[in-house]
Amino acid sequence: MTKNAILFSKKDYSLADGIRYVCRENKVNLTYCLNFPEVLHNIIDSNPEILFFDLENINFPVSTYNDFINTKLFYMPKIVLLSPNPEKDIEYEGANVAVVDKRNFTEKIVEIMSSVEEKSAKPLPSERIEEIKDKTTKMLSDLGITTKYLGYEYIRELVIDIISDKRMLQSFNKKLYPKIAMKYNTQVNNVERNIRNAITIASRRNKNKILFDEISGRGVLCGAGPIPSNKQFITWLVDKVC
C-alpha cells in the first residue's frame, strides 16, 4: 500500500510543487487542499498518514486539533507544520506534531515520511457491507448489469474494498485485481476481462443512457462515446454508493 499525505496551504504554489516532488520521489500520494473544511473532510474520509500544514498566513487550529485527539473517533495523521519562523513556532511541537522550516524542508520531511507507520484500513462493520452491497446491486441493475455477468460479483467486491480504504484506487491493478482473483480462485486477467465485458455490453445495450453519459462524461446531446474504463466505472459507483 502507498502512504497518503495532505498539504494545506493558501496558494503557495512553489511550496506545493516542492512538497509534491518530494512525495512523488518517496512514493507518497499527496492531496492539495485550499481550505480547512476540505482538510477535515480528507482526514475523516481517507485517513492520511501525514498532514503538511503551511503556517504562513494560516494559524494552526490548536483547539480543533485537541478536539480530534480527545474524541478518539478519528485516526490522526502526523502533523508537519511548515513554518517561516520555526524558532517561534516550536511551541507547537509534540509527540504527533513536528515543526519544519518551510524554506528548507526536504531532508526533514523525507525523514518524517520514512518514520511514519503506514496505516492499515479498518474493516467495515457487517451491516455497512450489506448496505453497500444493496446500493451497488441497485445501481448495477439500473445500468443493466445483472448476476448473469461474471463481472457482477467482482464489481461489488471492488466497491466494498475501495470504500473500506479509498487509497486502494491508487493501486487498482496491482492490489485490487489480485485480491479479487485470489478470493474467487481465478486469474487476474480474468477479473479485469469479465468486468470489462459486463461494462461494455451494458453500455452498448444502453438501458440507462443518462447514467452512462454521466459515467463517461458525455453530454446529453452527444452520440455514442467511449465506453468507460473499469476504473472510471467503479470509481463512479463508489462515489454514488458512498
Side-chain angles (χ1 to χ4, degrees), residues 1-69 74-121 162-163 165-176 217 229 231-232 235-236 238-239 242:
M1 194 71 69
T2 304
K3 293 177 183 178
N4 270 15
I6 294 171
L7 169 62
F8 178 37
S9 178
K10 290 285 185 70
K11 298 183 179 180
D12 188 338
Y13 297 116
S14 61
L15 174 68
D17 287 342
I19 297 288
R20 188 178 292 111
Y21 175 79
V22 176
C23 286
R24 185 170 60 246
E25 289 297 301
N26 289 272
K27 296 181 171 56
V28 174
N29 295 318
L30 181 69
T31 301
Y32 187 17
C33 298
L34 290 171
N35 58 70
F36 196 61
E38 191 178 357
V39 172
L40 293 179
H41 172 77
N42 275 278
I43 289 175
I44 294 168
D45 192 50
S46 58
N47 291 335
E49 282 83 3
I50 304 167
L51 167 62
F52 296 111
F53 193 106
D54 182 8
L55 284 180
E56 192 163 11
N57 302 319
I58 311 172
N59 292 322
F60 180 54
V62 178
S63 60
T64 302
Y65 170 74
N66 289 333
D67 287 343
F68 263 73
I69 293 292
F74 306 108
Y75 170 88
M76 282 300 298
K78 177 75 173 183
I79 298 176
V80 179
L81 300 177
L82 300 159
S83 172
N85 300 295
E87 298 83 6
K88 177 177 72 72
D89 294 319
I90 197 70
E91 62 180 295
Y92 293 127
E93 199 154 55
N96 197 49
V97 180
V99 178
V100 176
D101 189 339
K102 70 175 289 184
R103 297 160 298 187
N104 184 22
F105 57 78
T106 302
E107 185 176 337
K108 186 64 177 177
I109 68 170
V110 168
E111 179 185 327
I112 292 170
M113 288 190 293
S114 299
S115 66
V116 171
E117 186 176 348
E118 191 171 310
K119 176 188 169 291
S120 299
I162 293 168
I163 290 176
D165 186 355
K166 290 187 178 178
R167 294 177 299 173
M168 292 288 277
L169 276 171
Q170 306 297 329
S171 305
F172 203 84
N173 295 331
K174 293 181 179 179
K175 299 286 186 180
L176 285 170
S229 67
K231 184 175 182 179
Q232 184 181 8
T235 300
W236 177 85
V238 167
D239 287 341
C242 280

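Quantities reported herein were computed from a predicted structural model and do not represent experimental measurements.
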- prompt: Measuring from Ile58:CD1 to Lys10:NZ, what's the distance to the nearest 0.5 Å?
  reply: 5.0 Å
- prompt: Who are the side chain to side chain donor-acceptor pair (under 3.5 Å) partners of Lys102, not counting sequence neighbours?
  reply: Asp12, Asp54, Glu56
field: Parallel, tilted or perpendicular: rings of Phe53 and Phe60 (30°, 60°)
entry: perpendicular
task: Name all residues meeting the side chain to side chain contact (heavy atoms under 4.5 Å, CB included) criterion together with Tyr21; count only those two or more places apart in sequence or in a different chain, and write none if there are none.
output: Arg24, Glu25
message: Would Leu15 and Phe105 count as a side-chain contact (heavy atoms from CB on, under 4.5 Å) here? Give the steps.
response: CA-CA 10 Å; Leu15 174 68; Phe105 57 78; 3.7 Å; yes
Identify each donor-acceptor pair in which a side-chain atom of residues 86-98 lies under 3.5 Å from a protein atom, sequence neighbours left out, and give them as a table.
| from | atom 1 | to | atom 2 | distance (Å) |
| --- | --- | --- | --- | --- |
| Asp89 | OD2 | Ser83 | OG | 2.5 |
| Glu93 | OE2 | Val99 | N | 3.1 |
| Asn96 | ND2 | Pro77 | O | 2.8 |

query: If you round to the nearest 0.5 Å, how far is NZ of Lys231 from CG of Leu176?
result: 9.0 Å
statement: Hits for side chain to side chain contact (heavy atoms under 4.5 Å, CB included) against Asn29, two or more places apart or cross-chain, chain-then-number order -> Thr2, Asn4, Gln170
query: Given the rule in the side-chain contact (heavy atoms from CB on, under 4.5 Å) test, do Leu51 and Val39 qualify, once you have shown the distances and angles that lead to the verdict?
result: CA-CA 9 Å; Leu51 167 62; Val39 172; 4.0 Å; yes
message: I want to check something: taking the side chain as every heavy atom from C-beta on, are Leu7 and Thr31 in contact at a cut-off of under 4.5 Å?
response: no
statement: salt bridge (Lys or Arg N to Asp or Glu O under 4.0 Å) pairs touching residues 27-44, sequence neighbours excluded, are none
- line: Between the CG atom in Leu40 and the CZ atom in Phe8, the distance rounded to the nearest 0.5 Å is 9.0 Å
statement: The residue among Ile79, Ile6, Leu30, Val80 that forms side-chain contact (heavy atoms from CB on, under 4.5 Å) with Ile50 is Val80
For residues 108-116, which side-chain donor-acceptor pairs fall under 3.5 Å, sequence neighbours excluded?
| from | atom 1 | to | atom 2 | distance (Å) |
| --- | --- | --- | --- | --- |
| Ser114 | OG | Val110 | O | 2.9 |
| Ser115 | OG | Glu111 | O | 3.3 |
| Ser115 | OG | Ile112 | O | 2.9 |

query: So Ile162 and Thr235, side-chain contact (heavy atoms from CB on, under 4.5 Å) or not? Walk me through it.
result: CA-CA 9 Å; Ile162 293 168; Thr235 300; 5.8 Å; no
query: Does some side-chain heavy atom of Leu34 sit less than 4.5 Å from a side-chain heavy atom of Lys11?
result: yes
- line: Smallest heavy-atom separation, Cys23 atom then Phe52 atom, equals SG-CE1, 4.0 Å
